[in-house]
Amino acid sequence: MNTFTKEERLCSKKSLDLLFSNGSSFLLYPFRVSYLFHDTPAKYPAQIVINVAKKRYKRAVDRNLIKRRTREVYRLQKCNLLYDNLLNKDKLLLLSLQFVGKKIYPYSFIEKKMIAALHKLTSTINANDIETI
RNA sequence: AAUGCAAGCUGUUCUAUCGUUUGAAUUUCGAUUCAAGAGGAAAGUCCGGGCAACAUAGAGCAAUUCGCUUCCUAACGGGAAGGGGUUUAGGGAUGAAUACCUAAAUUACGGAAUAGUGCCACAGAAAAUAUACCGCCACAACUUGUUUGGGGUAAGGGUGAAAACGUGAGGUAAGCGCUCACGAUUGUAUAAAGCGAUUUAUACUUUGGUAAACCCCGAGUGUUGAAAAACCAAAUAGGCUAACGCAUGUAGGGCGGCUCGUUCGAUGUUAGUGGGUAGGUUGUUUGAGGUAAAUGGCAACAUUUAUCCUAGAUUAAUGAUAGAAACCUUUUGUCGUUAAAAAACAAAAGCGUACAGAACCCGGCUUAUAGGCUUGCAUUUUUU
RNA sequence: GCUUUUGUAGUUCAAUGGAUAGAAUGUCAGAUUCCGGUUCUGAUGAUGGGGGUUCGAAUCCCUUCAAAAGCA
């Protein structure tokens, strides 16, 4: 259930280019969320990439810490909030989380913000579906 | 004993749940189980190598790096031992200056007697060919004096970071290494000691600084870095090879920047071969490896024997949560004491436990580092 | 991972090894004005940090910190 394997990560260079050139995005501090639907269905309904910029965090230790915390929060929350909404669609969601904060936040803060971000993502997706229908 | 500084060593532990990378085993191919999974600096990228591709036809110039000696090392701008210099402190000599002895710190330390050039602000007469400001000295002149003139003179003055080697004596019109004694400094020759840098003695000889200014001498340096490189790989552009033709080694290109020299060499037709990119595999973790002992060496280090195999990711694993322990800091209480303090014990609080994350691999250097331990130095207090 | 460049007043730039580090602009104070602006006068304020070479360092050398750019 609470897995985070290689199939759930976004590794392909092509799909990354596609996501950053065509995908839509919104900002919910400290995350900048970009997403795009892709037609090739896979084992998991979403692929994610977590991005912490070298310009904002100079030390590799800080970058690793932020990435690990966000990854852990995503791993624990994605089933309840994200996957249930995507199960009835035969599409792959490409997702990118860019961390745009300035300092090192504790785990609880990141957890709260991640839940809010996922809620906003699902609501925007559903709204778009209604519009297209 | 406390505090501070410097150097070296070390670099918190356990349990539960969920998760991750690699390997092995099982498998109903869904997965399950087991094992392993960051450092002393992994950092900075400051040096040196291995490895790989390209280039290999060289010579000269240019550019650039290093620079006491011997040794260690695969190599180094690294390290060890030594020599010289500089600074500081102390010591006992001397008329004084210097030198001498001892200890500590420090040193990018080839060459200014192997050539040449540049620079030395301000101040000062003068900053390197001493154009003599004051002063000193004799000579000449007449206006006979606080005079003028052309000379000699670097002992004294003041300036400066630095003033033509320092101190004393002789000598001199006055002076001057002009001469002498002692001493500093530069090189050469001889002798002795040392592998050598160099040291000591004697003779002769030199006397501003600056080469982290240009430069000279000696020794070196090919370029690019795993985003190197090899292989696998469906469709499509294009490429390569051979033959013929054009041209006759021409335009132009390669050989690090230039010159010489050397080498390739335009467009077309036919035939053959073959695969840029997405992605994957190798490179890639057994190595100038670690640990222990013995031997050699003042030491850096080397040799031998035994033993061990210990991360391998690639949008990038090694984590998150909860609990407990250890240590640290603060507060409170008990004990202790004449009184306080220290020590000890107990309790509570603290998102207190550093610096920091492998990315092809090694050897160094540099920098960062809570707490603990060891050593050295400095300060303060107490006792003798 | 690799390569390279740059650090000077609050800001934009100068300065041949010679130091009182300069200019514009900004800020503050004063004058002018009924008030403000303009103008004039004066003040303010800097060589990223540490060490070395030198008589003397913003400049030369070493080291470190920060910022920026490039390589698919």
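First the proteins, then the strands, lettered A, B, ... as listed; each starts at 1.
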Side chain to side chain contact (heavy atoms under 4.5 Å, CB included) evaluation trace for A:L95 with A:L121: CA-CA 10 Å; A:L95 191 65; A:L121 180 64; 3.7 Å; yes
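- Searching all strands for a Watson-Crick or G-U wobble partner of B:G78 with both distances below 3.5 Å returns B:C72.
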Please report the C-alpha distance between A:L97 and A:N51 in whole Å, then the side-chain angles of each, then the deciding distance to 0.1 Å, and finally whether the side chain to side chain contact (heavy atoms under 4.5 Å, CB included) criterion is met. CA-CA 6 Å; A:L97 283 180; A:N51 195 334; over 6 Å; no
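- Sequence order on RNA chain B of the closest nucleotides to A:P106 and A:D62 puts A:P106 first from the 5' end.
- For B:G209, the glycosidic angle deviates from 0 by more than 90°, giving an anti base.
- Taking atom CD on A:Q77 and atom P on B:C18, their separation rounds to 17 Å, with Å as the unit.
- B:U314 takes the anti form, because its glycosidic angle lies more than 90° either side of 0.
- Rounded to an integer number of Å, the gap from CZ of A:R32 to P of B:U315 is 21 Å.
- Between B:A326 and B:U15, the two C1' atoms lie 15 Å apart (nearest whole Å).
- Shortest non-hydrogen contact noted between A:I110 and A:R69 is CD1-CB, 3.9 Å.
- Figure legend. B:A339 is base-paired to no nucleotide; pairs are counted as Watson-Crick or G-U wobble with both atom distances under 3.5 Å.
- Its glycosidic angle being more than 90° from 0, B:A293 falls on the anti side.
- Heavy-atom contacts from other residues, nucleotides or ligands closer than 6.0 Å to NZ of A:K120 number more than 12.
- For the C1' atom pair drawn from C:C71 and B:G67, the interatomic distance equals 37 Å after rounding to whole Å.
- In textbook terms, a nucleotide whose glycosidic angle is within 90° of 0 is syn, while B:G222, being further out, is anti.
- With both ends at atom C1', the span from B:G257 to B:A123 equals 49 Å, rounded to whole Å.
- Here B:A316 presents its C1' atom at 17 Å from CD1 of A:I66, a figure rounded to the nearest Å.
- Taking atom CD1 of A:I48 as the reference point, atom P of B:U315 lies 16 Å away to the nearest angstrom.
- Remark: C1' of B:A320 and CD1 of A:I50 are 13 Å apart, rounded to the nearest angstrom.
- Rounded to an integer number of Å, the gap from CG of A:L76 to P of B:C18 is 12 Å.
- Cluster membership for A:I66 and A:V61, using ILVMFWY side-chain heavy atoms within less than 4.5 angstrom, is not shared.
- Across B:C9 and B:A41, the matching P atoms stand 8 Å from one another, rounded to whole Å.
- Look at the C1' atom in both B:C360 and B:G4: the space between them is 46 Å, to the nearest Å.
- Only the P atoms considered, B:G364 is 24 Å distant from B:U310, to the nearest whole Å.
- Using N1 to N3 plus N6-O4 or O6-N4 for Watson-Crick, or N1-O2 and O6-N3 for G-U wobble, each under 3.5 Å, B:G312 pairs with nothing.
- In this structure, A:F109 atom CZ and B:U321 atom C1' are separated by 19 Å, rounded to whole Å.
- Note: CG (A:L65) to C1' (B:A38) measures 16 Å, nearest angstrom.
- Considering only side-chain atoms of A:R75, the nucleotide from B:A316, B:U321, B:G319 that sits closest is B:G319.
- Base pairing of B:G48: its partner is B:C362, meeting the Watson-Crick or G-U wobble criterion (both donor-acceptor distances under 3.5 Å).
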Determine whether A:V73 and A:Y107 satisfy the following criterion, side chain to side chain contact (heavy atoms under 4.5 Å, CB included), listing intermediate values before the conclusion. CA-CA 8 Å; A:V73 171; A:Y107 181 79; 3.5 Å; yes
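- Base pairing of B:C100: its partner is B:G91, meeting the Watson-Crick or G-U wobble criterion (both donor-acceptor distances under 3.5 Å).
- A 3.5 Å limit on both hydrogen-bonding distances identifies no Watson-Crick or G-U partner for B:A212.
- Rounded to whole Å, the C1' atom of C:G37 lies 12 Å from the corresponding atom of C:U32.
- Contact check on A:R75 versus A:E72 returns a salt bridge, with a Lys/Arg side-chain nitrogen under 4.0 Å from an Asp/Glu carboxylate oxygen.
- As the counterpart of B:A181, B:U167 is assigned, both hydrogen-bonding distances of the Watson-Crick or G-U wobble pattern falling under 3.5 Å.
- Contact between the side-chain N/O atoms of A:R71 and the OP1/OP2 oxygens of B:C18 is not found at any separation under 4.0 Å.
- A:M114 approaches A:Y74 most closely through the heavy-atom pair CE-CB, 4.0 Å.
- Base orientation for B:U147: anti, the chi torsion being more than 90° from 0.
- Mapping A:R68 and A:N64 onto RNA chain B by nearest heavy atom places A:R68 at the nucleotide closer to the 5' end.
- The shortest distance between the side-chain N/O atoms of A:R63 and the OP1/OP2 oxygens of B:A316 is not below 4.0 Å.
- For the P atom pair drawn from B:A356 and B:C361, the interatomic distance equals 22 Å after rounding to whole Å.
- Of the nucleotides present, B:U15 is the one that pairs with B:A322 by Watson-Crick or G-U wobble criteria, both distances under 3.5 Å.
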